[in-house]
Structure formats: C-alpha cells, structure tokens
Amino acid sequence: MLQELEDNYGYLFEKDLLKEIYTSGVIKEVSEGQKLIEIGDYIKFMPLLINGAVKILREDENGDELALYFLERGDTCAMTLTCCMGDTKSEIRAVAETDTRLIMIPVQKMSDWMSSYKSWQNFILQSYQSRMKEILEAIDTIAFLKMDERLLKYLRDKAMVNKEDLLKTTHQNIAYDLHTSRVVVSRLLKKLENENKIKLYRNSIKVIDL
DNA sequence: ACATTAAGTGATT
DNA sequence: AATCACTTAATGT
C-alpha cells in the first residue's frame with residue numbers, strides 16, 4: 001500500500017507525509033453504484049482517491065438529484081475540506097461511478113498536517129480552488145439553460161472518468177443526473193447523433209467527439 | 001408468445 | 001424545456 005501511495009501521490013507529497021498517510025489512513029474499496037457519503041452524514045473522514053471515480057450529487061427537497069461533478073485519482077472532496085473545524089453534515093451525496101479504491105483519512109489528521117506539511121497545505125488549497133471552479137462551471141451551465149451543452153459535457157466527463165467511450169447507461173438515468181426528463185434527453189441525444197458527436201445503441205452510448 | 005423496459009415521436013403548454 | 005400520450009424496438013421469461 002505504501003508503494004501504491006508513492007505511485008499515485010509521490011509527485012505531490014514528500015516521503016514523511018506519505019508515511020503519515022500510510023499509518024493513519026484506512027483503505028476502502030467500493031464497487032460501482034455504492035454510496036460513499038449520504039446527505040446529512042457527519043463527515044469523519046476525508047477521502048483520497050487512488051483509482052476509479054466518484055460522482056458527486058446534490059439533492060433538492062423533493063428528492064430529485066442533480067449531478068455536480070466527478071472525482072478522479074488524486075482528487076478529494078471539497079466538502080470535507082471545509083469541515084475540519086468542527087462537526088459538519090454533508091450537503092452532498094457521493095456515489096461510486098466505477099469500482100473505486102480510496103484512502104480514508106481522519107479529519108483530525110487533515111488539520112494537523114496543514115501546519116506541518118507545506119505540500120499538504122498546497123494540496124488542500126489547490127483542491128479547494130479546483131472544486132470551487134467546477135461548481136461555478138456547473139452553475140453557469142444550469143443558469144443559462146443550455147441543456148444540450150450540459151448533456152455533452154456530462155457525456156464527455158463520464159467517458160473520461162470511465163476511461164471508456166462506450167457508456168453503459170440509459171436515457172432515463174442521464175435524465176435523472178441532469179435533473180430533466182427522459183424525453184428531453186432522448187431528443188438531445190438524437191440531435192447529437194445527427195451531428196456525429198455520439199452513436200446511440202440500446203443501453204449504451206458511444207462518445208465519438210472527445 | 002407475452003410482459004417488461006428502453007427509446008422515438010408528435011402535439012401541447 | 002417539460003409533460004402527455006402513444007408507438008416502436010429490444011430483451012427477458
């Protein structure tokens with residue numbers, strides 16, 4: 001596992017810090033579709049992705065979901081970053097997009113290392129910045145109601161995190177993630193197919209224009 | 001062969 | 001862009 005850490009985080013953190021992560025972190029493996037964090041859960045651990053991908057979702061008062069962004073190798077959840085100061089409930093839900101390996105680090109350690117490791121501090125600040133940027137991007141696409149662009153971005157992101165241009169999903173599931181109706185998704189997908197950006201099959205979509 | 005589920009389409013708001 | 005109502009196509013039993 002130490003080797004695994006070096007392979008994935010060696011370029012970010014110094015040896016001492018990797019050792020610390022190794023001793024206080026716990027490896028967790030989740031399979032596709034499994035829930036990692038539910039809305040309202042108290043956040044006790046900070047996840048560090050080793051491989052795989054995690055989908056971050058928001059939910060409204062009716063229980064309707066909205067996919068915000070994906071986490072990949074080297075990413076961590078911005079939500080946990082803000083709550084090292086005390087017990088905070090999660091505002092989001094995290095679901096494994098693919099089979100995923102990650103390290104769970106107690107939030108206590110997270111703030112300890114902020115003062116003792118410069119590289120850790122940079123990592124946290126940079127993660128925070130890039131998550132913030134993604135959320136702003138998400139707001140932009142939603143606010144300006146460009147559903148076709150949202151859909152294409154979603155498909156590309158999904159293809160990227162899955163490292164696979166053939167997405168195994170249904171129009172209904174996409175509609176759920178984008179918080180729209182299946183009919184709209186079907187029509188927009190059809191349009192994208194006519195523009196030769198994707199190819200449609202039953203239960204799967206091939207993304208061509210990556 | 002029949003039921004179920006996914007996807008396509010026209011019309012309406 | 002959302003919803004409805006309906007059709008067509010694919011898949012499972």
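Lettering follows sequence order; numbering is per chain, from 1.
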Kindly indicate whether the side chain of [X], heavy atoms from C-beta on, has any atom under 4.5 Å from the side chain of [Y].
X: A:Leu102; Y: A:Met104; answer: yes
X: A:Asp64; Y: A:Glu59; answer: no
X: A:Leu49; Y: A:Thr76; answer: no

Grab the [atom1]-[atom2] distance between [X] and [N] for me, whole Å please.
X: A:Arg202; N: C:dT8; atom1: CZ; atom2: P; result: 16 Å
X: A:Arg187; N: B:dG10; atom1: CZ; atom2: P; result: 8 Å
X: A:Arg182; N: C:dC6; atom1: CZ; atom2: P; result: 15 Å
X: A:Leu189; N: C:dA1; atom1: CG; atom2: P; result: 13 Å
X: A:Ile198; N: B:dG8; atom1: CD1; atom2: C1'; result: 14 Å
X: A:Tyr201; N: B:dT5; atom1: OH; atom2: P; result: 26 Å
X: A:Leu200; N: C:dA9; atom1: CG; atom2: P; result: 16 Å
X: A:Lys168; N: B:dA7; atom1: NZ; atom2: C1'; result: 16 Å

Practice task
Would you kindly compare A:Leu188 and A:Asn203 by the position of their nearest DNA chain C nucleotide and give the one closer to the 5′ end?
Solution key: A:Leu188

Practice task
Under 4.0 Å between any heavy atoms, over every strand shown, what does A:Ser181 touch: base, sugar-phosphate, or nothing? Just pick one.
Solution key: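 If one applies the 4.0 Å heavy-atom cut-off, A:Ser181 turns out to touch a base.
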
Handout entry: Pair A:Phe123-A:Phe13, ring pair (Phe, Tyr, Trp, His ring centres under 6.0 Å): steps then yes or no
Key = CA-CA 9 Å; A:Phe123 172 70; A:Phe13 307 138; 5.2 Å; yes

Handout entry: Distance below 4.0 Å between A:His179 side-chain N/O and C:dA1 OP1 or OP2
Key = no

Exercise for the section: Looking only at side-chain atoms of A:Met147, point me to the closest of C:dA1, B:dG8, B:dG10. Expected result: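 Nucleotide nearest to A:Met147's side chain: C:dA1.
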
